[in-house]
Each structure stands twice: as C-alpha cells, then as structure tokens.
Amino acid sequence: MSGHGDPVPMIARKGATLRGVAEVPGDKSISHRALILGALSVGRTEITGLLEGQDVLDTAKAMQAFGATVERLGPGHWIVDGVGVGGFAEPADVIDCGNSGTGVRLIMGAMATSPINATFTGDASLRKRPMGRVTDPLALFGAQAVGREGGRLPLTLVGARNPVPVRYVLPVPSAQVKSAVLLAGLNAPGQTVVVEAEATRDHTERMLKGFGAELSVEDTPEGRVITLQGRPELTGQSVAVPRDPSSAAFPVCAALIVPGSEIVVPGVSQNPTRNGLFTTLVEMGADIAFENPREEGGEPVADLRVRHSALKGIEVPAERAASMIDEYPVLAAVASLAEGTTVMRGVKELRVKESDRIDAMARGLEACGVTVEEERDVLVVHGRGAAGVPGGAIVATHIDHRIAMSFLVLGLVTDRPVAVDDASPIATSFPVFGDLMRGLGADVAEGSL
C-alpha cells in the first residue's frame with residue numbers, strides 16, 4: 001500500500017476469533033525524532049526498530065537533503081552520520097513530507113535557526129493542514145515563512161541568520177509545536193523556554209537529554225516549563241525504538257470487540273504521555289494485562305495481553321486528550337459496540353489532523369447505523385451494546401490512515417461488511433497492518449462492497 005498512489009479500497013468482514021502475537025511496528029513519533037536528532041548530532045547514530053512507513057521514510061530523505069548521511073542496513077536498522085547543531089546545508093530541491101504533519105513541523109523547527117532556505121510540500125491532505133501554529137513561534141526566533149493562504153503548504157521557510165532565544169507559551173496542547181520550538185532553540189544562543197498548560201508526549205525532551213542537550217523540566221503553577229540551553233554539541237547515540245502505542249491500538253481494540261479473542265502485543269511503549277487510550281479502555285471494562293514491564297531506549301514498555309471484553313460507555317475527560325489524541329477514531333469505533341454512551345471531551349485538535357477526524361468518524365459511524373452527536377470540541381457515541389452495529393457502508397477515509405484502520409477494525413464485528421474507499425494512506429504509519437491483522441485471523445482484504 002502506498003500513501004501517494006491510486007486509491008486502494010479495502011473491506012473487513014465478521015469472521016474468526018483473533019489469536020496470536022501482534023508485532024506492531026516501531027513508534028512513529030520516536031522514529032521521526034531519532035532521524036532528526038541523529039542528523040543534528042556529531043558522529044554516528046544507530047537506530048534499531050525504526051518504523052519504515054512512508055512518513056518516516058520521507059523524513060529520512062529530508063535529512064539527506066539537509067546534508068546528513070542516512071543509510072538503511074536492514075529491516076528497521078538505520079545509521080545516520082550527522083552534521084551537528086547548526087550544520088544543515090541548504091537543500092537543492094523541495095522537501096516533500098508526504099502525509100506527515102509531524103515530519104514537516106519538526107523539520108521546520110530543526111532548520112529554522114540556520115541561515116538557509118527550504119521549501120516544503122506534501123500530499124493533498126498535508127497541504128490542507130495549518131502550518132501557522134509552527135511558523136508563528138518560529139518567527140520569534142527570526143525565521144520567515146511564505147506560504148499559501150492560511151499558512152498552508154507549499155511553503156518556503158527562510159532560516160534566521162541571527163537567531164534569538166524564545167520563551168513560548170503553547171496556546172494549545174501540541175507535541176509537534178513544542179518539539180519544533182525546542183529543535184529551533186538548539187541553534188539559538190541562551191535559553192529557549194516552552195510552557196505547556198497540559199503535558200503532551202515528551203519524546204523530544206527525553207531524546208534531547210539522551211543526545212547530550214542540557215534540558216530541564218519543572219512543574220509550576222503556570223504549567224510544565226521546559227528549559228533548553230542553546231548550542232550544545234549533540235553526540236550520536238544508539239536508539240532502540242519501542243513499538244508504537246498508536247499502531248498497537250488497532251489490534252488491541254479488535255481483540256476487545258471480536259468474541260473469543262486473545263492476543264499478545266509485545267514491547268508497546270507505556271510512556272505516560274501516550275497511554276491515555278489504554279487507561280480509557282480499562283475504565284470501560286477491557287481485559288488488558290500489562291506484562292513484563294521494562295525500559296527500552298529510555299522509554300517504559302510492556303507486553304499487552306488482551307482478551308475479548310464486554311465494554312461500557314464512559315465519559316473521557318478533556319485533560320486526557322493530549323495523551324491519546326491519535327487514538328480517538330478507533331476508540332469511537334469501539335464505543336459504538338459498548339453498552340451505554342461514551343462522551344469524548346477536549347477533542348477539537350482532531351479537527352486539524354490528516355482530516356477532520358470528528359466529522360469523518362461521525363459520518364462513517366452514522367452510515368454504519370450508529371447514533372452520534374458532535375460539537376466543536378466533543379464527540380458523543382451512543383453504543384449499541386448487545387444489539388450490535390449493522391455496518392454495510394462504504395466509508396470515506398479522506399486520505400487519513402487512522403480513519404481507514406478504525407473502520408476496518410469495526411467491520412470485523414458488524415452484521416454486514418464495512419469497506420473503506422481508500423486504504424492506501426495506511427502505509428504512512430502501519431505498512432504491515434493488513435498482513436498483521438490477517439495473521440491474527442481477521443478477514444481484511446482489498447476490495448469493496
């Protein structure tokens with residue numbers, strides 16, 4: 001499957017129970033950051049477990065374009081010979097980040113305080129997404145952005161020739177914006193400070209420390225204050241990428257809703273800024289055991305043993321949104337099968353992802369026979385419980401990998417099959433999704449109703 005080619009319709013049907021071991025790919029967020037920080041370091045960075053989805057491959061190509069040496073040694077095994085902080089060269093061509101909002105925003109941050117220019121573009125979905133939330137704080141360092149109306153791609157970023165340090169209070173919880181500001185702060189003199197009212201995923205902070213940056217985190221009445229000392233010498237590291245909790249969400253949720261199922265998902269990141277979905281599922285009554293807890297690559301991980309469960313609707317608090325923002329689509333699919341109503345608050349960030357995910361899930365669930373209510377910042381799913389979900393719909397994915405996978409999971413238990421109009425974007429984050437699900441016993445295949 002390719003995130004950049006012709007549409008690939010897929011269909012999921014009710015079938016056998018799910019059994020086996022689901023070895024999901026490496027974490028996408030950490031894979032992006034390992035490549036970028038490896039490129040900004042002196043010496044060699046060796047990465048194992050790298051996610052080889054299209055999003056991450058596009059970031060690898062971008063790091064090569066900025067002057068780093070990036071080489072694949074084997075499956076998930078890559079090396080990066082970096083150019084050091086402030087060492088980026090001006091790319092000879094446009095940087096195409098495909099479908100990846102994380103990739104383009106972090107790369108913009110990494111280059112914003114170097115005296116070079118770069119032009120960024122992406123696929124049709126990425127060209128619709130707002131970049132002002134990143135280019136506005138980067139302008140405080142002295143960078144200049146010229147893009148389409150609304151600050152959208154294609155966009156040229158002119159790096160600051162004499163960058164200044166910044167103190168930035170995040171207006172919305174966003175790990176991408178926070179990370180872009182911190183990466184820009186690497187090549188600014190003095191201290192760059194980021195303040196976030198709600199904690200977002202902290203992979204950038206953890207990894208910056210691992211590469212040798214001087215960084216501190218303090219909880220204050222104002223919020224979480226992150227202080228970075230500029231112009232360090234980062235040193236290449238060995239990075240073991242844990243398995244992605246956002247990808248693990250799909251086989252986990254499938255096993256919970258398909259009767260008789262039991263699967264194990266090994267080595268899944270349990271970073272507290274990423275595990276909101278698992279917390280929510282347990283509150284709904286999910287039978288998930290967290291076995292063999294340990295640390296890999298500076299991140300807490302565990303093996304998840306998941307069994308089919310009778311689930312009940314709950315209210316998901318707004319303050320949990322940052323820790324599970326990418327998992328709400330599949331949670332909405334699961335909630336449609338729960339007894340009672342599930343209310344998801346604080347989810348307006350879903351409006352500006354690869355698609356308007358609140359609208360996409362609401363329309364798709366309605367087409368499958370589920371009653372849904374939505375507001376700007378709220379999604380309510382009225383679970384059908386024992387009555388089950390009728391299904392029988394062809395769902396529009398809007399070039400969004402998580403919408404596609406969420407409805408394919410739902411189709412494993414609906415009365416009639418569920419199809420998605422285009423599963424090709426799945427390759428951006430989870431290229432082995434189809435094979436992995438079929439290996440567990442799921443009836444998922446290319447085709448339509």
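These numbers come from the heavy atoms of this one structure, side chains and all, not from hydrogens, waters or symmetry mates. What you are looking at is a predicted structure, and each value in this text was computed from that prediction instead of being measured.
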Report all side-chain donor-acceptor pairs from residues 244-258 shorter than 3.5 Å, counting only partners two or more places apart or in another chain.
{"unit_1": "D244", "atom_1": "OD1", "unit_2": "S246", "atom_2": "N", "d": "2.8"}
{"unit_1": "D244", "atom_1": "OD1", "unit_2": "R274", "atom_2": "NH2", "d": "3.2"}
{"unit_1": "D244", "atom_1": "OD2", "unit_2": "K28", "atom_2": "N", "d": "2.7"}
{"unit_1": "S246", "atom_1": "OG", "unit_2": "R274", "atom_2": "NH2", "d": "3.2"}
{"unit_1": "S246", "atom_1": "OG", "unit_2": "E327", "atom_2": "OE2", "d": "2.6"}

For residues 333-343, run the donor-acceptor check on the side chains, cut-off 3.5 Å, and write out each pair with its distance to 0.1 Å, sequence neighbours left out.
{"unit_1": "S336", "atom_1": "OG", "unit_2": "A333", "atom_2": "O", "d": "2.6"}
{"unit_1": "E339", "atom_1": "OE2", "unit_2": "A386", "atom_2": "N", "d": "3.0"}
{"unit_1": "T341", "atom_1": "OG1", "unit_2": "H382", "atom_2": "ND1", "d": "3.0"}

For residues 312-320, which side-chain N or O atoms pair as donor and acceptor with protein atoms under 3.5 Å away, sequence neighbours left out?
{"unit_1": "K312", "atom_1": "NZ", "unit_2": "E283", "atom_2": "O", "d": "2.8"}
{"unit_1": "E315", "atom_1": "OE2", "unit_2": "R345", "atom_2": "NE", "d": "2.7"}
{"unit_1": "R320", "atom_1": "NH1", "unit_2": "T280", "atom_2": "OG1", "d": "2.9"}
{"unit_1": "R320", "atom_1": "NH1", "unit_2": "E283", "atom_2": "OE1", "d": "3.1"}
{"unit_1": "R320", "atom_1": "NH2", "unit_2": "E283", "atom_2": "OE2", "d": "2.8"}

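The pair D326-R201 counts as a salt bridge, with a side-chain nitrogen and a carboxylate oxygen less than 4.0 angstrom apart. Taking the charged nitrogens against the carboxylate oxygens, E205 and K178 do have a contact shorter than 4.0 Å, which makes a salt bridge. Ion pairing of D303 with R294 is present here, as a side-chain N (NZ or NE/NH1/NH2) and a carboxylate O approach within less than 4.0 Å. Under 4.0 Å is where a charged nitrogen must lie from a carboxylate oxygen, and between R231 and E214 no such pair does.
Legend: residues meeting salt bridge (charged side-chain N to carboxylate O under 4.0 Å, His left out) with D377, ordered by chain and number and at least two apart, are absent. With sequence neighbours excluded, no residue forms a ring pair (Phe, Tyr, Trp, His ring centres under 6.0 Å) with F278. Scanning for side-chain hydrogen bond (donor to acceptor under 3.5 Å, both in side chains) contacts around Q64 gives an empty result, with sequence neighbours left out. Scanning for side-chain hydrogen bond (donor to acceptor under 3.5 Å, both in side chains) contacts around R438 gives D435, with sequence neighbours left out. Partners of E222 under the salt bridge (charged side-chain N to carboxylate O under 4.0 Å, His left out) rule, at least two apart in sequence or in another chain, are R167. Annotation: salt bridge (charged side-chain N to carboxylate O under 4.0 Å, His left out) contacts of E52 (sequence neighbours excluded): R72. Every residue two or more places apart in sequence or in another chain that forms a salt bridge (charged side-chain N to carboxylate O under 4.0 Å, His left out) with E349 is listed here: R133.
No hydrogens or angles considered: a donor-acceptor pair under 3.5 Å links the side chains of S429 and H401. Using modelled atom types, one finds a donor on one side chain and an acceptor on the other under 3.5 Å when comparing T102 with Q176.
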Checklist line | Stepwise side chain to side chain contact (heavy atoms under 4.5 Å, CB included) test for V268 and V301 | finding: CA-CA 5 Å; V268 179; V301 303; over 6 Å; no

Next item on the list: Show the numbers, then the answer: is there a side chain to side chain contact (heavy atoms under 4.5 Å, CB included) between F430 and R402?
Entry: CA-CA 10 Å; F430 199 162; R402 300 201 192 280; over 6 Å; no

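Under the salt bridge (Lys or Arg N to Asp or Glu O under 4.0 Å) criterion, no residue pair touches residues 98-108, with sequence neighbours excluded. The list of side chain to side chain donor-acceptor pair (under 3.5 Å) pairs with a residue in residues 30-43, not counting sequence neighbours, reads H32-T59, H32-S100, R33-S179, R33-T204.
Residues L412 and K14 fail the side-chain proximity criterion, which asks for heavy atoms closer than 4.5 Å.
Distance check, rounded to the nearest 0.5 Å: CG of L37 to CG of L234 gives 6.5 Å.
The side chain to side chain contact (heavy atoms under 4.5 Å, CB included) test with R357 singles out one residue from V352, I325, L379, L350, and that residue is L350.
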